[in-house]
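Worksheet: one structure, shown below.
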2 protein chains.
Amino acid sequence: MEEAGEALVPMQAGEADQAEARPKRGTGRRLHGAIAQKLGSAIVSGRYAPGDRLEGEVAFSETLNVSRSAYREAVQVLVAKGLVESRTKAGTRVLPRNRWNLLDPDVLAWAFTGEPHIDFIRDLFELRQIVEPAAASLAAQRRDRDDLAVMKTALAAMRKYSLATETGRAADRDFHNALLQATRNEAVVALSASIGAAVSWTTQFKQRARALPRNPIPDHVRVYDAIAAGNAGAAAEAMRTLVDLALEDTRSAMQA
Amino acid sequence: MEEAGEALVPMQAGEADQAEARPKRGTGRRLHGAIAQKLGSAIVSGRYAPGDRLEGEVAFSETLNVSRSAYREAVQVLVAKGLVESRTKAGTRVLPRNRWNLLDPDVLAWAFTGEPHIDFIRDLFELRQIVEPAAASLAAQRRDRDDLAVMKTALAAMRKYSLATETGRAADRDFHNALLQATRNEAVVALSASIGAAVSWTTQFKQRARALPRNPIPDHVRVYDAIAAGNAGAAAEAMRTLVDLALEDTRSAMQA
DNA sequence: CCTCTCCTTTTTGTCGGACATATTCCTGTT
DNA sequence: AACAGGAATATGTCCGACAAAAAGGAGAGG
């Protein structure tokens, strides 16, 4: 139902006093993309509750100082990701969480623009614990020489720069991407794009809280060795412990 | 209450033969949604190859007999799903497959509007074989009385009507949905919601090819019993065989 | 007083045209 | 031939208007 009165004011998280509401588009970004990000992160982070009605298009686009067209295109993006639903006269309303495309890369990114709920991170790691060992198993059976080469270089880069540097984290992503590529399974790879992004965010969290309490390189090496040897069971097991430790680190980091 | 009904009309179910005619929107469907579906399925089914450039907005929207605004909103949907990318002056180009959000429900649906590649189905079932046994295991550990009740009624409905009827298939979906809900993991639920939709399409394929070669009820019962008993290992194993058989059936049906 | 029907009003949906912006690509210069 | 600069072109944004659908209220009838 409709809450009376103060119901749903646009956020315009007022750092500026005056009408600086216009979402300036960052590097090369399109305007409607910026609006979509702004609205999307606002929804995912809970500033709009499921069932809430957004302000009307005309009014909202006015307060944002953008044209209705740009605003509408942004809303279409949110509709495409299952965050909101628009019906004539009823307005645009936030859908319940179970309709959201949580594995959409953008939605995941938006979820990590703010402090994500600990439960959600738990769910994500649980999915990782399901998918990644199985992926490692598949990779062990199907990898070719090129896959191993890419993983090896990524591993070397991880050793050289630690996970504290951005280049080091990029190498970590490369390692996991190469592993998933070796599964020869498009669906699994697509999942990785989502989970991988989330994982990189949680890695940043870990770093932010304190120094990494444990050197993750040996775990990665064990995974690599098992895949190189074509030992599917060992690869799965090694990956399982790797994810376990990552979860443990993240959890302790977030409690602090 | 929310009319869940996406039983909404499949537009232009008949012939798409007519040159490039205006995409008539089925009851309640928005125009840009229809365009997005048309373009999306064309891309996913391969009628546009990755790297191809779409016709310019003005020209294309003219041949479709729609306004540029509607066309643009449709394109934004495709952008949101990673299918295309638009850049000034360069035009709108189809992205490589690894950029697509394959687990997006709409993308999956579009993939099954035409004859999907057998490899893709294989990938999908492989992912199912990874996720669903693990989900059953989680469900066995976390289900409560309500979950079991819902699953039990769904099971009864499946027994009453077979999978040959739509109500029977709906009961099948209910069963799997209840199972996933019992995992208490939003990410797993979201993933399986996508895959589940695709699976229901393959089920229809099976039915179309020939009568279901095997009674699937006992397999479901085994899964239910294991979950009810809280036996995680048995639940995973039962689900594994269930998915295995489903894959086998689908494969033999598609070879015919 | 309640219910049903009809109409008003609100909000999204679609349209058309205009201008802005950013590249690409061609052209002309050095 | 290399480079710089301008014209062409496609997307990006803005504006204003009307169409369509549906929620909510008004009025007739029970």
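Proteins get letters first, then strands, A, B, ... in listed order; numbering begins at 1 in each.
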Going by heavy atoms in the side chains, are [X] and [Y] under 4.5 Å from each other?
| X | Y | value |
| --- | --- | --- |
| B/E85 | B/R93 | no |
| B/H176 | B/D172 | yes |
| A/F120 | A/L102 | yes |
| B/R72 | A/H32 | yes |

Rounded to the nearest angstrom, tell me the gap between atom [atom1] in [X] and atom [atom2] in [N].
| X | N | atom1 | atom2 | result |
| --- | --- | --- | --- | --- |
| B/F60 | D/dT11 | CZ | C1' | 15 Å |
| A/Y71 | D/dC15 | OH | P | 16 Å |
| B/R72 | C/dG17 | CZ | P | 17 Å |
| A/E73 | D/dT11 | CD | C1' | 10 Å |
| A/L64 | D/dC14 | CG | P | 11 Å |
| A/E57 | D/dA21 | CD | C1' | 14 Å |
| A/E55 | C/dT10 | CD | P | 16 Å |
| A/R30 | D/dT11 | CZ | P | 11 Å |

query = Is it true that a side-chain atom of A/D123 and a backbone atom of B/E186 form a donor plus acceptor pair closer than 3.5 Å?
reply = yes

Side chain B/T153, main chain B/A149, donor-acceptor under 3.5 Å = yes

key: Contact residues, residues 79-94 of chain B to DNA chain D [heavy atom, < 4.0 Å]   =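 By residue number: B/S86, B/R87, B/T88, B/K89, B/G91, B/T92.
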
Any B/H32 side-chain N or O less than 4.0 Å from OP1/OP2 of C/dT14 =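 Yes, because at least one side-chain N or O of B/H32 sits under 4.0 Å from OP1 or OP2 of C/dT14.
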
note = Comparing nearest nucleotides in DNA chain D, the 5'-proximal residue of the pair B/R68, A/S69 is B/R68

